[in-house]
Amino acid sequence: MEVKTPKKRGRKPINIDPDRVEHLASQGLGVMDICRSLGVGWDTFNKYREKKNSGISEALDKGKSKGLAFVTSKLMETIEDKNFNAISFYLRNRAPEDWSDRQVVDHQLNLGDVLTQARERIIDHQAQALPERTQAPTVSARAKGEGEGANE
């Protein structure tokens with residue numbers, strides 16, 4: 001007779017290796033990419049990251065720091081080789097207020113004033129552009145002699 005072992009119910013335990021998380025983070029992967037690489041969902045990863053003794057959060061931070069240190073050292077090597085693009089990149093990101101490619105112009109515009117001025121210019125232009133219309137002199141104007149020679 002065979003002795004059958006009872007099947008365990010429930011989900012298999014998920015083990016997230018902090019060393020693997022650190023390695024992946026040092027390669028520049030984001031949290032979602034790390035989750036995909038480990039084969040776990042973001043909610044599961046986040047649950048383990050929030051646990052105090054899991055070490056996942058520290059491994060993630062340490063990995064990001066290692067990756068940043070590596071890239072920074074490579075950038076500095078490139079700068080030492082007098083690569084202008086690397087120097088420019090470094091300065092624009094470390095001191096953007098002094099080395100930014102963009103200039104910020106702070107200008108406020110009151111559209112109400114602009115529209116009012118535009119209407120006034122249109123009215124002035126129309127008044128200058130229209131030829132003076134000659135009207136038939138009124139009876140009192142004829143008596144005074146106005147209107148004669150107006151069409152000449």
Side-chain angles (χ1 to χ4, degrees), residues 1-136 147 150-152:
M1 242 185 181
E2 289 182 49
V3 178
K4 293 186 178 179
T5 57
K7 293 185 178 181
K8 294 184 180 179
R9 295 183 183 246
R11 183 179 264 187
K12 292 180 183 178
I14 297 173
N15 294 321
I16 298 176
D17 182 20
D19 293 332
R20 180 88 173 125
V21 171
E22 181 180 327
H23 173 72
L24 293 171
S26 71
Q27 298 297 314
L29 272 66
V31 174
M32 285 304 298
D33 294 326
I34 292 172
C35 292
R36 285 187 196 106
S37 179
L38 296 173
V40 298
W42 184 85
D43 290 330
T44 303
F45 183 83
N46 199 39
K47 183 173 64 171
Y48 276 84
R49 183 169 61 170
E50 290 175 354
K51 286 185 179 181
K52 291 184 180 180
N53 297 328
S54 70
I56 300 297
S57 182
E58 292 83 17
L60 186 64
D61 292 340
K62 189 174 179 183
K64 286 180 181 180
S65 296
K66 280 184 177 179
L68 183 61
F70 175 76
V71 170
T72 303
S73 69
K74 290 298 182 182
L75 177 63
M76 289 308 202
E77 288 175 11
T78 308
I79 288 172
E80 289 171 0
D81 293 338
K82 299 194 179 8
N83 182 330
F84 176 74
N85 290 333
I87 294 168
S88 175
F89 176 81
Y90 180 79
L91 290 174
R92 281 185 281 126
N93 285 289
R94 295 298 287 185
E97 62 280 350
D98 296 327
W99 294 94
S100 178
D101 287 342
R102 290 189 273 159
Q103 293 180 351
V104 178
V105 176
D106 185 22
H107 182 72
Q108 295 184 359
L109 181 65
N110 185 347
L111 289 177
D113 291 343
V114 171
L115 292 174
T116 302
Q117 292 171 359
R119 282 189 203 108
E120 290 172 358
R121 286 194 307 268
I122 291 170
I123 291 169
D124 290 344
H125 180 70
Q126 287 176 345
Q128 293 172 359
L130 291 176
E132 291 185 24
R133 293 184 182 172
T134 57
Q135 296 180 356
N151 292 332
E152 296 176 4

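The model shown is predicted, which means the values in this text are computed figures rather than measured ones. We number each residue from 1, following the sequence as shown.
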So, does [X] use its side chain to make a donor-acceptor pair with the main chain of [Y] at under 3.5 Å?
{"X": "Tyr48", "Y": "Ile14", "answer": "yes"}
{"X": "Thr72", "Y": "Leu68", "answer": "yes"}
{"X": "Asn93", "Y": "Phe89", "answer": "yes"}
{"X": "Asp81", "Y": "Asn83", "answer": "no"}

(message) If I take atom CG from residue Asn46 and atom NZ from residue Lys51, how far apart are they, to the nearest 0.5 angstrom?
(response)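 If we round to the nearest 0.5 Å, Asn46:CG and Lys51:NZ are 12.0 Å apart.
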(message) Between Met76 and Tyr90, is there a side-chain heavy-atom distance shorter than 4.5 Å?
(response)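 Yes, close enough: below the 4.5 Å cut-off.
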[X]: partners by side chain to side chain donor-acceptor pair (under 3.5 Å), with sequence neighbours left out:
{"X": "Ser65", "result": "none"}
{"X": "Glu80", "result": "none"}
{"X": "Lys64", "result": "none"}

(request) Keeping to residues at least two apart or across chains, list the side-chain hydrogen bond (donor to acceptor under 3.5 Å, both in side chains) pairs with something in residues 106-125. (result)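 The answer is Asn110-Asp113.
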Atom pairs and distances, side-chain donor-acceptor, residues 25-38, under 3.5 Å, sequence neighbours left out:
residue, atom, partner, partner atom, Å
Ser26, OG, His23, O, 2.6
Asp33, OD1, Arg36, NH1, 3.0
Ser37, OG, Arg20, NH2, 3.4

(request) List for me each residue that meets salt bridge (charged side-chain N to carboxylate O under 4.0 Å, His left out) alongside Lys74, sequence neighbours excluded, and say none if there are none. (result)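 Salt bridge (charged side-chain N to carboxylate O under 4.0 Å, His left out) list for Lys74, sorted by chain: Glu77.
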(message) Looking at every heavy atom in both Gly55 and Pro18, which two are closest together, and how far apart are they?
(response)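 That would be O-CB, 4.0 Å.
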(request) Check step by step if side chain to side chain contact (heavy atoms under 4.5 Å, CB included) holds for Leu60 and Arg49. (result) CA-CA 9 Å; Leu60 186 64; Arg49 183 169 61 170; 3.3 Å; yes
(message) Go through it in stages, so that I can follow the logic: the residues are Asp43 and Lys47, the test is side chain to side chain contact (heavy atoms under 4.5 Å, CB included), and I'd like the CA-CA distance, side-chain angles, deciding distance and then a yes or no.
(response) CA-CA 6 Å; Asp43 290 330; Lys47 183 173 64 171; over 6 Å; no
